[in-house]
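Structure record follows, encoded as structure tokens.
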Amino acid sequence: MHRAVGCLLGASLTWQTLLHVCAVKLHACAQGSHALTKYICNEAAEDMIVVSPSKVAKADDRLSSLRLTPSANVLIIGGGINGIATFRDLALQGVNVTLVERSDFCSGASAASSHMIHGGVRYLENGELRLVKESLMERNRLLASAPHYVRPLKTTIPIFSLVSGLLAAPIRLFTHAQGKPKERGALLIKVGLMMYDLFGRNQGKMPRHSFLGRQKSLAQMPHMNPDIKFTATYYDAAMDNPERLALDVLRDGVEAGEHARAFNYVSAMGVDTQGVVLRDELTGETFTVSADVVVNTTGPWTDLTNEVLGQKTSYMGGTKGSHIVLDNPTLFEACDGREIFFENSDGRIVLMYPIMNRVLVGTTDIPVDMRDEIVCTDEEVDYFFDLVSRVFPHIEIDYSQIVYRYSGVRPLPATGDVNPGVVSRDYRIVEGALGSTPLLSLVGGKWTTFRALGEHLADEVLKILGISRKISTVDLPIGGGKDFPMSAGERARWVDAHSAVLPRERVEQLLRRYGTYADRIISHLESSGDEALAHHPEYSRGEIEAVIHNEWVINLSDVVHRRTSMAFSGQLSGPLLAELADIMAIQLGWSSDHRTDQVSSVTLEEGSSLWALN
């Protein structure tokens, strides 16, 4: 699932870490735009300080390596999670690979997820056994390889019927007939969870599912609708900050060596006799990059990207999914630390779960045209309110409690006039060509399977290039998940080893936020200082500076929406945006006008002009 902001085409800043300090000059830019959001850049020409050990470059030369060497074995267009995963896999094989993203990394479809890492228990009814099995295996792997961002999540299904859906399910399973979705009853859910346990218990590490009757269910969750007949509880997984996980995957690829290059705010504009024409979205400059293989991983925009490349395709049929984030302490308490996964009487799935002291509620499944603005409508919000009230009828919810809302488009395959809820969530790779250059287009894909999908797509590329795989990513730690302390004793020792200057509580906070990459932030803070932000004391000025210079930051929106959870958790304010903009203006050499434009461009709903904090 995915946020409808800019994960269209692609690019990235030159990689910077925390060891050197160099002076850099930023020259100017005009305007970069996206089909769904706009970032307006004015001129800037101040000297700035950046933290950087190896790939030191001037900001106005962030694309200098592309100008100097405008070629690669593989050009990947689209920097969402699946493009990034493919980039990482190929980079680890030693392949000369370049990734470009039209907006910021993980800012489009991948940023609009339900924050779930799950097998998809409801996909069993559609007969997608391969997808469910793969998803559960990948869920278990991510719990091990990215434990700093992926955690087990207890999930409870309130059930209002015993046998509903029991006759329709076998027909759908064995014939794939679509029919009208219908609410699932206890017997059908029981069968599904037995299969779920069979595929995904991870050698007994994940608890078996359980069923409770009405009385015991209400004893555990007293706010729940007393009309329930049963509750079913099982375990899946969640990620509080998917964008940060994507950045870790990207960093793994970039740090594989100079052969791996990634650029945000660079779009694909077409093709010429030399290769793919790219445009710097900050300056408007265009240049051509040649490649032996071109990979299109632009998600729901895949057909639009192919059209730009001169290839007319009709692979995609995405559906919109919206979410809201509520500040409702009573609802937060009622969720009891677990996801509540339930459905309407029409069979549509809705979920809610506590996250960052808020409650995330989603999602819808509405066919859309990718050329339209994709936003979370009031009609969808009312739909969420009605369904939440069905489960927790005595908890009051209203618009004033919404601190954030977002909408995105699932990159589903085109299926014609079919109920969106039963369209396959699996993926496929379609082969084409740009003249004599192979073009691989990814159709479908979901967050949970990004590693396996990246491996599959990388294998297809390696086969074309005639290169053998050197390393498997199956059990490879991701980013700050490497050497992450799992037990309380291990965490205590890690914190002790990094608390020479910073207080233990602060080190623990940074470990939770960045995994073991926190050691790089800590090293910077030990020299820069750790003065808390005036308007968000959980972050410091030095921490924000380190993020700016080591995580491909271009715009203020990059910081508040993707490098932190400030927007998602409803913690943005005019004074905080001004404080962050002041830091970025100093670090990136922004002019006064550019700083003002950056502040005014930030919204509380990515993908629209709604709720602007002007």
Side-chain angles (χ1 to χ4, degrees), residues 9-17 19-20 52-58 61-101 105-106 246-266 268 274-278 280 287-297 434 437-440 442 450-451 453-474 476-479 482 517 520 550-552:
L9 302 178
S12 139
L13 277 178
T14 307
W15 171 242
Q16 304 168 348
T17 57
L19 303 176
H20 285 45
S52 171
S54 55
K55 299 184 179 180
V56 178
K58 291 188 176 183
D61 267 347
R62 70 189 186 98
L63 305 181
S64 59
S65 69
L66 272 182
R67 296 188 191 95
L68 184 64
T69 310
S71 62
N73 292 136
V74 183
L75 174 64
I76 300 174
I77 304 171
I81 185 57
N82 290 316
I84 290 172
T86 305
F87 169 78
R88 173 186 186 244
D89 199 302
L90 288 170
L92 293 172
Q93 313 313 319
V95 174
N96 186 324
V97 57
T98 295
L99 169 69
V100 293
E101 162 55 44
F105 296 119
C106 199
L247 288 171
D248 269 16
V249 177
L250 178 66
R251 185 183 288 111
D252 283 353
V254 171
E255 292 190 347
E258 297 290 337
H259 62 279
R261 303 177 295 181
F263 304 94
N264 53 354
Y265 295 99
V266 171
Q274 301 300 312
V276 177
V277 179
L278 302 179
D280 182 350
F287 45 91
T288 300
V289 172
S290 63
D292 298 320
V293 182
V294 176
V295 181
N296 178 356
T297 55
L434 301 176
T437 302
L439 169 67
L440 300 181
L442 175 65
F450 74 80
R451 188 217 60 85
L453 187 155
E455 178 183 64
H456 184 181
L457 194 43
D459 283 341
E460 294 298 311
V461 171
L462 292 173
K463 183 167 61 175
I464 293 172
L465 296 175
I467 298 174
S468 299
R469 174 172 289 276
K470 297 179 180 178
I471 185 172
S472 170
T473 60
V474 168
L476 198 65
I478 294 173
K482 183 178 181 181
Y517 275 145
R520 305 185 187 190
N550 293 277
E551 295 188 351
W552 304 277

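The analysis underlying the following values was restricted to heavy atoms, covering all of them including side chains, and did not include hydrogens, waters or symmetry mates. Just so it is clear, the structure is predicted and the values come from calculations on it, not from any experiment.
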Rounded distance [0.5 Å steps], CZ in F87 versus OG1 in T98:
7.5 Å

Nearest-0.5 Å distance, CD of residue Q93 to OG of residue S468:
10.0 Å

The complete set of salt bridge (Lys or Arg N to Asp or Glu O under 4.0 Å) pairs with one or both residues in residues 82-95, sequence neighbours excluded, reads R88-D252, D89-R469

Flag, side chain of H259 to backbone of V97, donor-acceptor distance under 3.5 Å:
no

Minimum heavy-atom separation for F287 to D280, with atom names?
CE2-N, 4.4 Å

Nearest atoms (heavy-atom pairs only) where I464 meets P438:
CG2-CG, 3.9 Å

Nearest heavy-atom approach of T473 to E455 is OG1-OE2, 4.3 Å

Any chance you could measure L68, atom CG, to L63, atom CG, to the nearest 0.5 Å?
12.5 Å

Do L66 and V289 have side-chain heavy atoms sitting under 4.5 Å apart?
yes

First locate atom CG of L90, then atom CG of L457, and finally report the distance between them rounded to the nearest 0.5 Å.
7.5 Å

Using side-chain hydrogen bond (donor to acceptor under 3.5 Å, both in side chains) as the criterion, list what pairs up with N73, not counting sequence neighbours.
D292

Using the salt bridge (Lys or Arg N to Asp or Glu O under 4.0 Å) rule, collect all pairs that involve residues 72-83, keeping only residues at least two apart or in two chains.
none

Minimal non-hydrogen separation, A246 against I84, with atom names:
O-CG2, 3.7 Å

In Å and rounded to the nearest 0.5 Å, what is the CG to OG1 distance from L439 to T437?
9.5 Å

State whether the side chain of T69 and the backbone N or O of S71 hold a donor-acceptor pair below 3.5 Å, judged by distance alone.
no

Within residues 74-85 or reaching into it, pairs that qualify as salt bridge (Lys or Arg N to Asp or Glu O under 4.0 Å) - sequence neighbours excluded:
none

Working note: V276 + V294, criterion side chain to side chain contact (heavy atoms under 4.5 Å, CB included); need CA distance, chi angles, decisive distance, verdict.
CA-CA 9 Å; V276 177; V294 176; 4.0 Å; yes

For K482, what residues pass the salt bridge (charged side-chain N to carboxylate O under 4.0 Å, His left out) criterion, not counting sequence neighbours?
none

When rounded to the nearest 0.5 angstrom, what is the spacing between CD1 in I76 and CZ in R261?
12.5 Å

Check against side chain to side chain contact (heavy atoms under 4.5 Å, CB included), E460 and L440
CA-CA 9 Å; E460 294 298 311; L440 300 181; 4.0 Å; yes

Just wondering, do L442 and N82 contact through their side chains at under 4.5 Å, heavy atoms?
yes

I would like to know whether Y517 and R251 meet side chain to side chain contact (heavy atoms under 4.5 Å, CB included); could you show each step before the answer?
CA-CA 11 Å; Y517 275 145; R251 185 183 288 111; 3.3 Å; yes

Would V95 and I467 count as a side chain to side chain contact (heavy atoms under 4.5 Å, CB included) here? Give the steps.
CA-CA 9 Å; V95 174; I467 298 174; 4.2 Å; yes

Closest heavy-atom contact between T297 and G78?
OG1-O, 2.9 Å

Can you name the nearest heavy-atom pair linking R62 to Y265, along with the distance?
NH2-O, 3.2 Å

Go through the structure and list residues passing side-chain hydrogen bond (donor to acceptor under 3.5 Å, both in side chains) with T86, not counting sequence neighbours.
none

